[in-house]
There are 2 protein chains.
Amino acid sequence: MLERHHLAIIHAVDKHGTLTEAANALHLTQSALSHGIKKLEVHLGAPVWRKDGRRLRLTQAGQGLLNLANRVLPQFEHSEQVIQQIAQGLRGALRIGMECHPCYQWLLKVVSPFLQQFPDVDVDVRQAFQFGGLGALLGYDIDMLITPDPLFQKGLEYLPVFEYEHVLVVPRSHFVAEKAFVQPQDLRHDVLITYPVESSRLDVFSQFLTPAGASVKRHRTIETTEIMLQMVSAGRGVAALPKWLVEQHQKDLAIVPVRLGKRGIFKNIHLGFRAGETRPEYQNAFIEMAKQTDHLM
Amino acid sequence: MLERHHLAIIHAVDKHGTLTEAANALHLTQSALSHGIKKLEVHLGAPVWRKDGRRLRLTQAGQGLLNLANRVLPQFEHSEQVIQQIAQGLRGALRIGMECHPCYQWLLKVVSPFLQQFPDVDVDVRQAFQFGGLGALLGYDIDMLITPDPLFQKGLEYLPVFEYEHVLVVPRSHFVAEKAFVQPQDLRHDVLITYPVESSRLDVFSQFLTPAGASVKRHRTIETTEIMLQMVSAGRGVAALPKWLVEQHQKDLAIVPVRLGKRGIFKNIHLGFRAGETRPEYQNAFIEMAKQTDHLM
DNA sequence: CATATTACATGAATTTTACTCATAGGTTTA
DNA sequence: TAAACCTATGAGTAAAATTCATGTAATATG
């Protein structure tokens, strides 16, 4: 079969003028190239060169092969380079799954320096999964899962990277704004605003209201963090969010963070991976950068 | 080195789904493909596939290779096909050199059916040569020389394909128009029109006037056959041309062909080639078609 | 739920191929 | 006319590709 190797020979002879020099360039003997092309000629049924004095001149068939070589060899080389980069972890795609809405704000702070350091790595963030975050991870739809609630399971491993307090956000005028912490019963006359996910996945319910048998006046959902805070600031309800997120908006909005219960609710953002896999270098770098975001918040 | 063969494997596995089926399609064993790709993976430093159940799924590197395969394999196949056609003489270029002006009219009659029969063969006609027609032939600038005066030489071979009489063309009013043949002295008061080449290459001089020590009133040159005949028709001179060419224009112009000398001058168009070369099929076909043009003239 | 089936991996043996060495036969240059 | 080059080629050898036999794991089957 006509191989890349044959094209490399034809290209080298065209470039260096003689078989002998081409052989040197390819770290082979003149004989090797001569035998190699002879075999190709038998296979093709057409000569590649004709002797002109002591040089070789391409025949029509040979010219065709040289054209092919010029088109195709650079593509081989480029692909090999790209794969080398993939192998070294300098290039690739980092597909990140998110299971926590407010984590998005945190993720942005990790991603932007990461993209600068690894210009050839694509970051792809996904939020909706057919079989849940774990399924996506195990099914190779994503390579990394960002979640505050690690669900330990065979084949997965987690790494905590960022600890924060989950607090209630209230308008500055709210009666709990001055208190050291809020109690479940305090919210009985409030509208609670959350992201649109099942209540079981919301810590305000699972760790605060439900255990105390308390409830709110009304529960409504909003997609985006910014609107949610605007609503709270306007006195239209209260919400539960990471403390650092609230603090970032306190100078612009009339909002106050209040501890949830006497002891507060503390969470940890975890990164989840498939266990026992050799991770590309850039993925390790991402993890390192993620660990260091504490200082930024 | 990453070879076409590797890409063929990756492509076949993508197409057939499993290594085993790909192996069948490639007429190899499953083991051969497995070993082959394993070696490639070591070379690249990156895995091509990852096992998912008992199937193989491409890694990022593998996906890159598949993309390369999809781009590059069709090019290999196309080039191999084209070269096969070149080998079979169905495709190529026929570079024809011309050493005789009126032959062009004859050549057109051969070329047009030839082009129909060999749509993938390019015909390239050249008329001016740095080192003469023979030099062009031996130097591979042309593959075939059309000449009425074969100059036999080592390394060349000729084939006569078309015989014709070289005649004098005179206006219908000329006094020799009625005669059976013209004699050298008859042209003493005439203007002789020829193509612009050395007189030694013109048969009217070398075979008619010069041997008899005769000459014409004036000698002028014209490039194209049609204008030459118009001039003769208008009584502005006489010319020497193939008889069949004159006959083709007799119904439109007031011209008459007259034999040159009692015995006439008979010529033969020859095709010249480099000797001892295996000629492509289409070139042999061209020769056959050239031989059959007698009947068309 | 055990069993048959299907699919890939792997080590060893073998066949095939690629490569080198030595040398011959041309061509060009001094 | 020799010296310097260049390619072609036959024979021997090193290397690679391929097969065979077998292992292991996942999936389908009855």
Side-chain angles (χ1 to χ4, degrees), chain A residues 1-44 46-59 62 65 138-140 154-155 274-277, chain B residues 1-44 46-59 61-62 65 138-140 154-155 274-278:
Chain A
M1 191 158 63
L2 173 60
E3 287 290 340
R4 173 190 184 180
H5 184 228
H6 296 120
L7 298 183
I9 294 174
I10 289 165
H11 179 257
V13 171
D14 179 64
K15 183 176 171 190
H16 295 100
T18 69
L19 254 197
T20 312
E21 281 190 66
N24 289 335
L26 295 172
H27 305 296
L28 288 169
T29 61
Q30 170 268 129
S31 180
L33 305 204
S34 188
H35 280 297
I37 296 295
K38 172 110 307 164
K39 188 162 188 198
L40 176 65
E41 289 179 330
V42 170
H43 167 77
L44 294 174
V48 172
W49 288 302
R50 120 184 92 70
K51 272 187 95 159
D52 175 23
R54 59 187 183 192
R55 293 190 100 65
L56 299 172
R57 285 197 192 287
L58 289 170
T59 58
L65 291 174
L138 290 168
Y140 281 83
K154 193 190 143 206
R274 288 177 295 272
E277 265 186 19
Chain B
M1 192 160 62
L2 173 60
E3 286 291 343
R4 174 190 183 179
H5 184 226
H6 296 122
L7 298 183
I9 293 174
I10 289 164
H11 179 257
V13 171
D14 180 65
K15 184 175 169 190
H16 296 100
T18 70
L19 253 198
T20 312
E21 280 189 66
N24 288 335
L26 295 172
H27 304 295
L28 288 168
T29 62
Q30 169 268 127
S31 180
L33 306 205
S34 186
H35 280 298
I37 295 295
K38 172 111 304 165
K39 189 162 191 197
L40 176 66
E41 289 178 331
V42 170
H43 168 77
L44 294 174
V48 172
W49 288 300
R50 121 185 91 71
K51 270 189 97 160
D52 175 24
R54 59 188 183 192
R55 294 188 98 64
L56 299 172
R57 286 199 190 286
L58 290 169
T59 58
L65 291 174
L138 290 168
Y140 281 83
K154 193 188 144 205
R274 289 179 293 275
E277 265 186 16
T278 43

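Letters A, B, ... are given to chains in the order of the sequence lines, protein chains preceding strands, and every chain is numbered from 1.
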Using only side-chain N and O atoms of [X], determine if any of them is under 4.0 Å from OP1 or OP2 of [N].
X: Lys38(A); N: dA8(D); result: no
X: Lys39(B); N: dA17(D); result: yes
X: Thr29(B); N: dT19(D); result: yes
X: Ser31(A); N: dC21(C); result: no
X: Thr20(A); N: dC6(D); result: no

Let me confirm one number: the [atom1]-[atom2] distance from [X] to [Y], rounded to the nearest 0.5 Å.
X: Leu7(B); Y: Asp14(B); atom1: CG; atom2: CG; value: 12.0 Å
X: Glu3(A); Y: His5(B); atom1: CD; atom2: NE2; value: 7.0 Å
X: Ile9(A); Y: His6(A); atom1: CD1; atom2: NE2; value: 6.0 Å

Interatomic distance, [X] [atom1] vs [N] [atom2] [rounded to whole Å]:
X: Arg57(A); N: dT7(D); atom1: CZ; atom2: P; value: 12 Å
X: Arg55(A); N: dT29(C); atom1: CZ; atom2: P; value: 10 Å
X: Leu26(B); N: dA17(D); atom1: CG; atom2: C1'; value: 14 Å
X: Glu3(A); N: dA16(D); atom1: CD; atom2: P; value: 15 Å
X: His5(A); N: dA15(D); atom1: NE2; atom2: P; value: 16 Å
X: Lys51(B); N: dA9(C); atom1: NZ; atom2: C1'; value: 7 Å
X: Leu33(B); N: dT18(D); atom1: CG; atom2: P; value: 9 Å
X: Asp52(B); N: dA25(D); atom1: CG; atom2: P; value: 16 Å

Check the pair Arg50(B) / Leu56(B) against side chain to side chain contact (heavy atoms under 4.5 Å, CB included), numbers first and verdict last.
CA-CA 6 Å; Arg50(B) 121 185 91 71; Leu56(B) 299 172; over 6 Å; no
Indicate, yes or no, whether a donor-acceptor pair under 3.5 Å links the base of dA26(D) to the side chain of Arg54(B).
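Present.
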With a 4.0 Å cut-off on heavy atoms, is Ser34(A) in touch with a base, just the backbone sugar-phosphate, or nothing at all?
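Base: the residue Ser34(A), judged by heavy atoms under 4.0 Å, touches a nucleobase.
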Just wondering, more than 12 heavy atoms not from Arg274(B) lying within 6.0 Å of its CZ?
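Correct, the count exceeds 12.
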For dT9(D), is there a stacking contact with His35(A), counting only centres under 5.5 Å and planes under 30°?
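Per 5.5 Å and 30° rule: yes, stacked.
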